[in-house]
Each structure stands twice: as structure tokens, then as C-alpha cells.
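To start, the structure itself, in C-alpha cells.
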Amino acid sequence: MRTGSDLIFNGELILSGNVVDDSHVGWMWEEDVFFAPSLVRQALAQMGEGLVTVRINSVGGHVNAGEQIRAMLAAHPGGCRIIVEGLAASAASLILMAGSERVMSAGSHIMIHDPSGVIWGNEDDARRAADQLALIANTYAAVYASASGKTPDEVRRLMKAETWFGPEAAIAEGFADTIDGTPPATAAPVPTELSGARQHYMAGCARLRERLAAPTPPARATRPAPLPAAAGGHPSMESTMPPIDPTPTAATTPVIETPATPVVPAPNPAPAQMQAAPADVLAQERARNRAIREMAAPFITSGRLMQADVDALIDSGVAATDAGTRLMATMAAHEGVSRTAPARSSMQRDEGETRVNGMIGALMGETEGPASQFRGMRLRHLAMELAGPGRGFNDTDAIRRGMRATTMMGGAYGVSDFAHITTEVMNRTLQQAYQRRAATWTLVTGAPLTATDFRELHSVRFGGDFSLKPVLENGEYQSAVLADEAEGLKVERRGRTIKLTFEAVVNDDMGAFQRIPTEFAMAARTMENSMVWSLIRTNAALKSDGKALFHVDHGNLAGTSAAITAAAVASARKAMWEQRAFGTADKDDFLQMEPDRLIVPPALELVALQFATLTTPATDGTTNPFKASLTPAVVPNLGAAAGGSDTAWYLISSDLPPIAHAYLEGYSAPTVQTIEGMNPDAVVMNARHIFGAAVVEHRGSFKNAGA
């Protein structure tokens, strides 16, 4: 079995061969050349957080696995320099888009095209599958568009035409940056019908189909083949695992195939082969029996199948790849449905999803809908339910088996059903708790920015001299002078590992299970508060001029320290009123910034509240005209206990806040992700939050050191 170390050579990450989903790894031979998301994740963990050089030569493969690898490489803290050595086709070209630098060797090629998949079912199934493929194609067109600078519509046209690029053409179209070595003489896209690279690609696809269509590898296959895309499986940007061959009947369901990449049904092992290797046959037979039992378990639990039916199916010698169709036919016969009706694998997927959603809802305290049949479920009950029928009287053993079961949804994600369900509950609970906990730092920030990777992004201030000038006698208008400044910030990834142990499940420790997400939500808000308020507390410098946020040259720092009084606030307001637009030369071009927030440390809470509380003055001379215009806010992160000051106070205008913040695209809240693998003694998860903040604007804020 390959490990992540197998992908590393001379300190570089080598992605060579087919892109394989983690669920297919166990079906590959040792001599097969392939890579999968779990292998790439292991390799990246060994290579540290610096810049990684990735060398790729691949005909592509599983589209979701390709996107998972692309996301990993794009999120690598040090960035990735990806070099195409030969071919980056289909799903491999998607991986290439993750490069902070994309390099082509002199004789390499890139190919992009639409994803394809096997469709099995009736007319409505085919339409749904076509809609699903269109959605996937549009999603990945957006990825190509973001990397190349094209529009998604332009990329979709290239994908539909299955477009090939040589090095110079790839650079011209924005899919690559540079050529490593002497560039080829031509820069035009490679004609599809004449391309030697395309012939190589098609040959690679044929080898992949042959490998996946071959009989189950002896002593290594422990899972049934994945379902086709239309039946709940995953689409491929090339060929997919072969579809289940329906039992011959009077009317069979057609299999829709991609013309360029026909799918060959998987043959059953010949009797001569089985007799030639009795040891291998024994291991293969055990794997077949286990696969069929796991496939049938959800239907036995729901009462739609009898154990005798499953035993008869196993005794008949049918291959695991054909068992799904036979199971559907058996259920149809029990329910009085004609056997000539097309068997729909989506029934298994729909029922599995309903059960999973019911269990998730029950663990979150829901009592209606799918959760009603699992009302009151706890961790211990969940594991025992997933263990399926025939769990006996040993609860501990049933819990262990339930924690590793993969009969429903989890196996598609490379984890057990127990890990999939508990992680989903953690995620939903975490995000709910995160949204409930207020973020005080929004007092000094504006709308969030979105970072597409971990590189620095910029918050740009535009300005200039826009004052109206006299029109010259010849009718000429004087040009406005535009100016801009940029402040940079990066998002930062922070997280911790959670381990839900076998002991905790046996002890039914729901308290810890429910408490962990809440604590991580609090930790995420604490992280954000610390990152934002430390910029104010330490008076961080702007990158554009190298000066502190509150600085005499910025006109937003009191020259004389004073307590919070009407006179001191009036002086601060005067300074903010007189801030001028960036880049203007007109002395009358004032921004007219009016503060609406008074921010203080805990030591000044009483003073601030008294200052802002409406009262009736004894005389006109003691009137405080700013009471109604300022909203006080107390921030403990600014006080002496946090390393700040117990006397300093701040005025902020919500129209021009001093801090910009950003989330990584798709991660606007903390998340929990299960670490791949099926450990029967623990579910290991990573809780992470990706956030960043930086000072970007000085004209909408003011500081007084206080007295």
C-alpha cells in the first residue's frame, strides 16, 4: 500500500499517473501508478509549510479527488510551484490551477474538458444526472476562470470543445505562467485529431478503465465498487468505475456512455482462475461476502430485505459489483413490482441519506421529521445502530463495529459513518454557537474581504484631486488627479485536534460531545478579538507609510492627554472633521468624518456611560451636546490587563473604520473536518478557523491617551 512518502522525491512532490479517489485506493495493484487526496495530504504534512515544488504528469481521473487535491495545494501556507512534466489533462489540469506559479516544460501539454459519468436509470434519472454534470462543469469552469482571468462562459466553451494547449498557448490563455526551458515553435492550441498528447491521454484512460474493470485484486478488496454518478456515486473527468451490470430481463435499462471513453463492464472471475489459486480465492470470497453483507445491511434494518435473501445471494456466487442490482430485484419482487422495471440504485442512496439526516437531527435534539425515529439517541446508541443487525449481546463489540461501519454515507468521504455523522453534528453545533456569540471587533471593522488563498491581499484606498476647476477659454477641462494606496493583510489558519475516543462513546459522554463545539466557537471569537483589538492596542503601523495608525502626522492622535469630557471630545471631533480626502490638493476637500462610537477599556466604563447618558443639565453652560451622537462600548482587550491602557479612549466613525478583516473563501466560520481513515478506537477531527485582519485607514478614528 502506498503512503504519502511515496510521492516525495528529492524534496519535491511528484504527482504521476491517475488521479484516484481515496475509496478506490484499495482496488489498485502495487504496480499501478496513481495518487489520491489522502496520499497528497500525508506528503504535504511531511514537507512543512514552506514553498513546495510539485511536478505533475497525469491523464487525470476522479474529478472530486482532483478538486480535493487542488484545494489542499491552494491552501498550503507557503504556496506551490507546479511544473507540468508531460501532461496535465482533465482533473490534473484542475490541480494545476492551485499553483502560485504554474510552469510548463518545453514539450508539455494541458487539456481541459467537461466532466463525464455513467448514467444508469430511467428518463428522469438521466435528466437529473445531466443537470448534475452541468452543475459540476460550471463549478470547475469558475475555478479555471479564476486562475486564468477568463470569464466562466469563455472557459465553458473551451471545456465543451475539449481544448489542448502547448506551453506558449497555455501561457497566452492564462492557464500557465512560464516555460521551463526552450519553448516550442508554435503557440496555437494542439489540434485534437492530430495531437500525439491526446493519443497518450486516450491510451492512459484506456489503461485506467482496464485496471478498474479487472476482477477484484486478491486479498485486498474490502469494499464494493462505487455506484455510478446518477446513482449516488461521483463523476469523473474521464472514465469511471464500471456500472453494475443489470440482471438480464425482458427489458433492461440502457447505460449511457461517453463516446470517447466507453465503459467496459467488470467480468466475474472465471472458474479456471478460481481453481488456479485457492488461497487467493479464499481471500477474495471473504471480501465478496463482506461487501454484499455491508451493502444489504441498511435494507435488512429497514425490514425491506430478509437475511435469507442475502444468504441466498451470497450462495449464488454473484460478484459484489452485480449484487446491488440483484438486491433491488429481490426487493421489487417482495413489494409486488415488476422485475422488468429498471432497478434504481438511487433508492439506496436516498434511504441512506434519510437515515443519516435523522441521526444527525436526533443528536442535535430534534424530534420531528427523519429524527423522530431516532428520538433520544446518544453516542452509544448511534454506534450500536450503525453496527447493524446481528450485533449480539456484547455492547462493547457492537460499539466498536459501529464506529467503523461504512454502509451508508461515510465511505464516500473516506471515513466511517460514525465519523461522518459525529463530524456533521460538531460542524452544525459549532456554527450555531459561533453565530450566537457576538463579535465585538466589528466596532472597528467594515465589510469582510474574501481571500482566495493564503497570500497577501490588498485593501485599496482610492482618492485624488476631484475639485472642480475653471474650464479653459478653449473649452478644455482640466484632468482630475487620481491616487491610490494599498494596505496588505493575510488570512491565518489556526486550529486544534479533537479526539472522540472509544472510551468516551462507551461511557456515553454526551456532555463532552456537546461542549466541544461551544468551546471551539468561543475560541474562534477569542482568536478574532485578539487579532483585531491587538492592532488597536499596540497601535500597529500602516504598510503604506510605515507610520502608526494613531500618529501626529495622521492628525488622529491627541497632543494633550485628557479624560473623557465634552471639551476633550470636541477637540477630537474637530480633528476628525478636518481630515481631508486622500491624494487631494484642495484645502477645502474635507471628508467631514463624524464619530459615532466611543470605545473604552473596562476601567472607563462608568465614565463613558455617564458621559453618554441623557440628563437634564442644571444650566446651559453644563450641556453635553455629544450625548446622543456617541454609543459607548467597553472592550477588555484594550485595558491594562491585556497589555494596553486603562486611561486611553477612542472615537470611531462607522463610515470609515480603521481595520479590514478577511476570511478564506468558503470558510466564513470555524469548521470541523474528520481526518481521513477508519480508526475503530477513535474519531479524530481537526477544528480550524481561517481569519485575518490589518490596519488600513487612519482618517476615521482618533485616540486620546487619557488622564
Side-chain angles (χ1 to χ4, degrees), residues 13-19 53-61 63 66-67 69-70 73-74 79-116 136-205 236-238 258-261 452-453:
L13 181 60
I14 310 299
L15 303 183
S16 183
N18 298 304
V19 184
T53 296
V54 181
R55 297 184 181 273
I56 189 168
N57 180 28
S58 171
V59 298
V63 64
E67 166 56 17
I69 294 171
R70 184 203 68 79
L73 297 180
C80 294
R81 181 175 186 263
I82 304 180
I83 304 172
V84 181
E85 294 184 331
L87 179 65
S90 194
S93 67
L94 190 69
I95 295 172
L96 175 62
M97 299 303 104
S100 53
E101 181 183 6
R102 303 187 293 272
V103 182
M104 303 285 290
S105 68
S108 61
H109 296 88
I110 296 175
M111 186 274 280
I112 65 173
H113 68 168
D114 271 358
S116 60
I136 295 170
N138 289 331
T139 299
Y140 292 121
V143 175
Y144 287 119
S146 177
S148 65
K150 295 179 176 297
T151 66
D153 289 340
E154 291 173 332
V155 174
R156 281 292 277 126
R157 286 193 289 271
L158 294 173
M159 293 170 66
K160 287 177 180 291
E162 187 180 294
T163 307
W164 292 69
F165 301 99
E168 291 190 356
I171 293 172
E173 295 295 328
F175 296 109
D177 302 318
T178 59
I179 299 175
D180 185 14
T182 305
T186 61
V190 181
T192 300
E193 65 276 14
L194 300 178
S195 169
R198 188 177 193 276
Q199 296 174 9
H200 169 70
Y201 162 71
M202 294 301 296
C205 287
S236 169
M237 293 189 87
E238 284 88 35
T258 304
T261 56
T452 57
D453 52 39

Quick one: are [X] and [Y] in side-chain contact, heavy atoms under 4.5 Å?
X	Y	answer
Ile14	Glu85	no
Tyr144	Lys150	no
Asp177	Val103	no
Glu67	Arg70	yes
Leu15	Ser58	no
Ser90	His113	yes
Leu73	Leu13	yes

Out of curiosity, [X] [atom1] to [Y] [atom2], how far, rounded to the nearest 0.5 Å?
X	Y	atom1	atom2	result
Ile83	Thr178	CD1	OG1	8.5 Å
Arg55	Arg81	CZ	CZ	7.5 Å
Leu158	Glu173	CG	CD	6.5 Å
Ile171	Ile179	CD1	CD1	4.0 Å
Leu94	Ile112	CG	CD1	10.0 Å
Ile136	Ser116	CD1	OG	10.0 Å

Nearest heavy atoms of [X] and [Y], plus distance in Å:
X	Y	value
Thr151	Ala145	C-CB, 3.8 Å
Ser105	Gly86	OG-N, 3.9 Å
Gly166	His109	CA-CD2, 4.0 Å
Ala88	Ile56	CB-CG2, 4.5 Å
Gly61	Ala91	N-CB, 3.8 Å
Ala98	Ala74	CB-N, 3.6 Å

Practice problem: For Asn138, check side chain to side chain donor-acceptor pair (under 3.5 Å) against everything at least two apart and list the hits. | Solution: Arg156

Quiz prompt | Results of side chain to side chain donor-acceptor pair (under 3.5 Å) for Arg102 - residues two or more places apart only | solution = none

Quiz item: Can any side-chain N or O of Asn57 pair as donor or acceptor with the backbone N or O of Leu87 at less than 3.5 Å?
Solution: yes

Quiz item: Parallel, tilted or perpendicular: which describes the rings of Phe165 and Phe175, with under 30° parallel and over 60° perpendicular?
Solution: tilted

